[in-house]
Amino acid sequence: MSNINQDVQASHKILTLLETANAQTEQIIDLLPGIFLIFNDKFDILRGNNEATQVLSAHKETLLRKSVSDLFRTDIWEVFQQNLKLLDIAGNESSKFELPIKSFDRKAKEKPYYWRLSRLKDHNEVEGNLYTLLGEDISQLRESESKLMNVFSSIPLGIMTIDEHGDIEDTYSSYLQYLFNVNTISGCSLREIVFDPIQKDLTGEDIKGIDNIYVSLNREEQFFESLKDSFPNQIFLYKGNNKEEGKHLGFSYKPVTYDGIVKRILIIVEDRTAIVQAEEDQARANMIEKQSRAIYESAIRDPLTGLYTRFYMEDQAEALINNHNRHSISELSLIIFDIDHFKPINDTHGHDVGDIVLRQVAGVLLRQVRKTDIPVRFGGEEFLIFLPGNHQAAQSLAERVRKEVEETDFEAEDKVIPVTISGGVAEHVEGELLADLIKKADRLLYQAKKGGRNQIVSAE
Amino acid sequence: MSTTIDVETVKQKVIEMVRQAAITRVGDHSRLDGFELLELSDTRAAGEVLGNWMSIILVTGDAIRITLKLHFSSSDAKAVSHVVYGEDSPNGVSDAKAEDFVKELSNLMAGYIVKTFEGMNIPMGISLPLCTRGFYEVFADYVPTESPLIRFSDLWRLEYKNRAISGTVMIEISNPNALDALCDFDLDQDDDDDSEFDFL
């Protein structure tokens with residue numbers, strides 16, 4: 001075989017490969033996602049992919065020489081042509097824009113498409129300039145956005161961005177209009193809408209924080225973060241003097257950066273009015289509860305001695321007696337004390353000193369009783385102790401109290417006052433009434449007094 | 001050599017030869033009678049996209065180069081080829097077979113042209129036919145000129161019962177004197193030899 005023939009054979013092989021490559025390329029174009037078109041200066045389509053044939057309801061063969069204008073409504077087509085003109089004027093390689101395509105099904109809605117229009121470098125004497133048009137169906141994206149916007153609109157949060165000048169750019173919730181009580185938000189400055197109406201209420205710290213919002217724009221994210229804590233995070237917004245319809249608004253701030261520079265700030269506004277009111281209500285409830293508890297304490301505690309009052313005793317002693325009657329506790333006793341010669345102390349040293357003595361004797365009682373015992377100021381200088389236990393245990397406790405009182409130096413107004421107490425100890429008998437038990441113990445106290453005081457008399 | 005050649009006659013003869021190749025070979029290849037060759041020059045222009053598919057072949061020699069493009073749609077190619085493939089209807093012809101039919105047709109036409117030139121002792125070469133889809137013909141830039149190359153084109157359509165294969169012929173003559181024999185060439189002396197040109 002001659003060299004020429006070999007060359008021809010080689011050329012033929014290359015041609016065959018080229019043809020296969022072309023076929024593959026064409027197949028790829030057919031399968032490109034979205035609409036792909038090549039058209040000329042007269043908007044005649046020279047090539048379209050599979051989706052273009054579907055959208056234009058044209059067979060592949062009849063797509064040739066259809067007009068691109070068939071894709072669009074008349075008014076939209078004018079916009080498309082404007083984009084094409086801009087592409088030619090600006091000399092850009094491509095332009096991107098969003099335009100809907102008309103549906104061939106009259107009942108169906110138009111579909112939004114995102115287009116990328118490019119001019120090919122090659123052109124032809126007859127066809128003129130050639131353009132490629134890639135269109136992506138973004139109806140699902142728009143639907144998702146719509147759903148998201150519905151979510152934004154339905155949640156009690158206002159979401160907006162401010163631009164690099166501090167003007168409100170995008171609002172993602174109509175709820176903002178309600179929050180700020182204005183009709184127009186976009187384009188207004190953040191200061192004008194949010195902070196100016198309550199300027200007289202703003203503290204110096206608030207004003208500095210507002211200034212810092214503006215200062216942080218067009219700066220590095222790190223700088224934004226260093227100032228963020230100073231931004232106002234809660235205000236009470238109201239119009240004029242109408243504080244009753246005011247709202248407590250909470251703010252949070254997120255930077256939107258481009259190349260590390262804060263170009264936008266996303267601001268989330270929360271209506272905290274209900275929360276603040278709930279907090280105030282809770283604080284009021286806590287106060288009332290505290291006051292009620294103080295009232296209750298004053299009812300059950302003797303303010304002078306800290307011992308329980310008769311009012312409390314009646315409930316608690318009755319409960320103890322019931323428990324004893326039901327055998328929940330096996331034994332119950334009562335001690336009744338009386339300070340010996342208390343009237344002369346009052347008469348000699350005055351009531352203030354008498355009160356000090358009462359308080360100190362009560363202190364002895366409180367030191368000696370167990371948690372299960374109930375010490376009571378019964379009246380004047382008389383004290384009771386109810387305790388689960390028999391008369392011996394009660395006798396022992398009573399004796400410890402008596403002894404400590406006797407041994408204690410009661411000091412009042414630089415004087416040492418000798419104080420003793422007498423006591424009667426009685427054990428409760430099942431079925432016995434509280435009043436009877438007290439009377440029984442009181443009789444024993446009387447015996448102790450009669451026996452010379454500073455002693456405990458216990459019933460066998 | 002100072003022979004003055006009637007260039008217009010040469011051009012006309014080339015056009016006629018190619019047309020003759022087209023009309024005779026399409027009839028032979030399709031085994032259909034009734035193909036007509038209609039001029040398109042008034043309505044279309046060389047370089048225009050005339051079909052979804054295109055088969056292109058090059059016939060070249062020292063003095064002349066002829067680029068022959070056949071533009072067609074798959075459905076039309078099927079309609080005019082189903083007989084030769086022994087199918088009852090165009091639907092029986094696959095896309096690949098329809099492409100092959102037009103490729104072979106361009107090959108036969110080129111073969112006819114080469115054979116005709118060789119009959120005038122003008123040696124010519126021939127490429128493989130290449131079949132593409134899309135819009136590639138727009139890049140075959142074509143501007144008519146008279147010097148230094150004589151460049152011209154011819155457009156026609158082979159039509160059979162509303163089915164058509166369009167043809168664009170681009171001709172470049174570098175040495176019209178070498179084509180002197182064409183002026184006396186009689187197209188009617190076609191020997192009716194339908195044998196296929198054997199390219200390598």
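Note on naming: letters A, B, ... go to the chains in the order of the sequence lines (proteins, then strands), and numbering restarts at 1 for each one.
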Checklist line | Winner by heavy-atom pair count (cut-off under 4.5 Å) against chain B, out of A:Leu18, A:Leu15, A:Thr16 | finding: A:Leu15

Next item on the list: Among the options A:Asn22, A:Leu130, A:Asp44, pick out the one with the most heavy-atom pairs lying under 4.5 Å from chain B.
Entry: A:Asn22

Does [X] have more than 12 heavy atoms from other residues, nucleotides or ligands lying within 6.0 Å of its [atom1]?
X: B:Glu146; atom1: CD; value: yes
X: A:Gln81; atom1: CD; value: yes
X: B:Asp62; atom1: CG; value: no
X: A:Arg116; atom1: CZ; value: no
X: B:Asp88; atom1: CG; value: no
X: B:Arg65; atom1: CZ; value: no

Check: Within residues 72-82 of chain B, which positions have a heavy-atom distance to chain A below 4.5 Å?
Finding: B:Ser73, B:Ser74, B:Ser75

Next item on the list: Kindly compute the distance separating CG (A:Leu64) from CH2 (B:Trp53), expressed to the nearest 0.5 Å.
Entry: 13.5 Å

Checklist line | Gap between atom CG of B:Leu50 and atom CG of A:Leu46 - 0.5 Å precision | finding: 10.5 Å

Check: At their closest point, which heavy atom of A:His12 faces which heavy atom of B:Ile126, and how far apart are they?
Finding: NE2-O, 4.0 Å

Notebook entry, point to check: Which pair of heavy atoms, one from A:Val126 and one from B:Ala46, lies closest together, and at what distance?
Noted result: CG2-O, 3.0 Å

Checklist line | pair B:Val49-A:Arg65: side-chain heavy atoms closer than 4.5 Å | finding: yes

Item checked: Under 3.5 Å: donor-acceptor pair, side chain of A:Glu19, backbone of B:Cys131 -> yes

Item checked: Any donor-acceptor N/O pair, B:Asn52 side chain to A:Lys60 backbone, under 3.5 Å ->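 Indeed, once roles are kept as given, a pair shorter than 3.5 Å links the two residues.
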
Margin query: So for A:Leu63, is it side chain, backbone, both, or neither that comes closer than 4.5 Å to the heavy atoms of chain B?
Written below: neither

Item checked: residues 23-36 of chain A: residues contacting chain B (heavy atom under 4.5 Å, by number) -> A:Thr25, A:Glu26, A:Gln27, A:Asp30

